[in-house]
2 protein chains.
Amino acid sequence: MTGRPHERSRTIADVAARAGVSLSTVSRVLNGNARVDEALAAKVRAAADALDYTASPLARSLVLGRTNTVAVVVPDLENPTFHGVLRGLSRAAARDGYHVLVADSVESVEEERILAVETRRRCDGIVLCAPRMPEDDLERLLTQLQPVVLVNREARSTGTPAVTADYRSGLTELLHLLRAEGHRTLLYLAGAPQSSSNLQRLAALRAFSAEHPDVAVRVEPCGVNFAEGHDAADGVLASGATGVLAFNDLVAMGLMSALGERGVRVPDDVSVTGFDDIPFARYLTPPLTTASVPVTELGEQAWHRMAELLGSRAPGHTILFRPRLEVRGSTGPAPARTVGAEAAS
Amino acid sequence: MTGRPHERSRTIADVAARAGVSLSTVSRVLNGNARVDEALAAKVRAAADALDYTASPLARSLVLGRTNTVAVVVPDLENPTFHGVLRGLSRAAARDGYHVLVADSVESVEEERILAVETRRRCDGIVLCAPRMPEDDLERLLTQLQPVVLVNREARSTGTPAVTADYRSGLTELLHLLRAEGHRTLLYLAGAPQSSSNLQRLAALRAFSAEHPDVAVRVEPCGVNFAEGHDAADGVLASGATGVLAFNDLVAMGLMSALGERGVRVPDDVSVTGFDDIPFARYLTPPLTTASVPVTELGEQAWHRMAELLGSRAPGHTILFRPRLEVRGSTGPAPARTVGAEAAS
DNA sequence: ATGAAAGCGCTAACAG
DNA sequence: CTGTTAGCGCTTTCAT
């Protein structure tokens, strides 16, 4: 039946010839655009599936100016967050008959620009995850990319729709949790300094500090992955903090691992929080307290925004997912000896 | 400079007009195919970048019959294995100027066929991960898909190149490890019954059993994810096995988690092995003993095979990556009381 | 309702 | 070496 290797795929002309009609009639029947005599239509359909014909997407794209494809540009396919976004996006887009192209800039901010512009030409729109790109560059880029949806950051000026997590509120909840547990010396292990989600966390920190002068909150540059979290352990211990807020779960995992090697107990000696709630966060020992970000939904909603843009419907408002606090075993009461002890800046 | 939103992107005709030459000359200069007078060439280049011109990939694809895109079809974007494959593939392909399209069949074997065929039309070749597709269907599909590289399974008849892990040898090593630790009653938690990698593991089991009649090896149907591993715990305990070989790391994690809930200690009461070595396997408590599969390399090599096919070079042989045994904390000596105790089938 | 013809943007013969 | 022309496979006026 199927499976016989056809050297070159059939064209609309083959179908037209076999059905004894013109090209336009075939096109009309197959696209259901115009009224066609039912007798002819039947012949066309018969011919089409006798020849196992499907219109060339390439040719259609060229003439229609529409590829039915969108691209997602990510800074790093290694990061579990983007897996989730990709999965959500891909499935949602597929339901609407759209395909998705992935472009991994491998953390290079300069590449990201080129890559996005280049990729844009092969599709109808871009879902852009570019947390580190400077705001000005981003603004300029957005105008070139046209239908674009931002993930995990918002644009200042443009009316570009965005789908993101509310990193500020997530970190605020974690801060309150630790304070409620009696922690008075906290340390935040920062991610990429200029990244949007890092800035949001810093804003949460500032607001919290202003509100709670009894808690000392320090910031230490760190990073975004396991290794960087691991390397931060000595700094964490030196800081004297009893509660550590890691930039994300990966950093928290690295930190807990290094802490374990040094014989420091979590949460007895120090409480650790992550961010994101990656799939394995709950299975760590102890299970990681974190702010859960629904990454798959992020991807799905990114598609919905994109679909609106592609249908030239109203852009829709930016969506913020509020992270859900997941209190697990990596946090607990502050060790007795330090409660209320410190008064340092 | 850049950033001014151009309503419609410029065409080769615009460049030709501005440079005062014909379309073909522009094409020739920009593709460097034929010798062009240097003076004209310079004018063309000047015009091209004054207009910020890039040839439409769509139009080129149509006329060249080549899209510079490949697609990867996966059964489930949720599985960490495919993340790795995708990442390796995407980066390797990008280095050669190729783009990648992802198609997630969301575990539906029937969809997979349709999806692969449909997706194929938008690109130059398919990297196919279809572990569950029946052999006969696969064979038929392969002829339609033309340039295709298989990941994690081989095709019987066709000379389709494949890139896969040697699941059989990996499981054999795990079996030997457990036997060396004194385990004489083992249980294998099987994955998808007809999947290639499950069949390979079963082959390893049979060979091992024949070679070591002193070890009782049972098989229990299970699955491929965390939840299925979790649900297998009671069956595992009922079996009396002291060593459990989970289909993969996800299953092993689920099992260990459920075992923990029941107060069963790993590895003191029962040893557990995984398969794949997903990123977090080493950070579990206890760290998971597993057979490490280099998923990123799998993706990279899949690209290299594909590149050979696209360059109509010799297909290249199928590549087998031998999993590396990672002995960690989830396995240990068999509990004394059961060593040599059982003689059941 | 149907067919002929133009054209999407580009490349590759084919002439000169 | 350069320009003219004919497509790649399809959709869509525009006539009929």
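In the text below, chain A, chain B and the rest are named by the order of the sequence lines, each starting its count at 1.
Between B:Asn68 atom CG and C:dC10 atom P there is a gap of 15 Å when expressed in whole angstrom units. Protein atom CG of A:Asp37 is 10 Å distant from nucleotide atom C1' of C:dT2, rounded to whole Å. Distance CZ (A:Arg122) to C1' (C:dG9): 14 Å, rounded to an integer number of Å.
Across all their heavy atoms, A:Ala165 and A:Val293 have their closest contact at CB-CG1, 3.7 Å. Heavy-atom minimum distance, B:Arg120 versus B:Leu145: NE-O, 2.8 Å. The nearest pair of heavy atoms linking B:Ala103 to B:Leu115 is CB-CD2, 3.6 Å.
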Tell me which donor-acceptor pairs under 3.5 Å the side chains of residues 296-303 of chain B have, and how far apart each pair is, sequence neighbours excluded?
| residue | atom | partner | partner atom | Å |
| --- | --- | --- | --- | --- |
| B:Thr296 | OG1 | B:Arg87 | NH1 | 3.3 |
| B:Trp303 | NE1 | B:Asp96 | OD2 | 2.7 |

*Contact state string [nucleotides 8-16 of chain D, B base, S sugar-phosphate only, - no protein heavy atom under 4.0 Å]*: BBSSBB---

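At most 12 heavy atoms of other shown residues, nucleotides or ligands fall within 6.0 angstrom of atom CD in B:Gln194.
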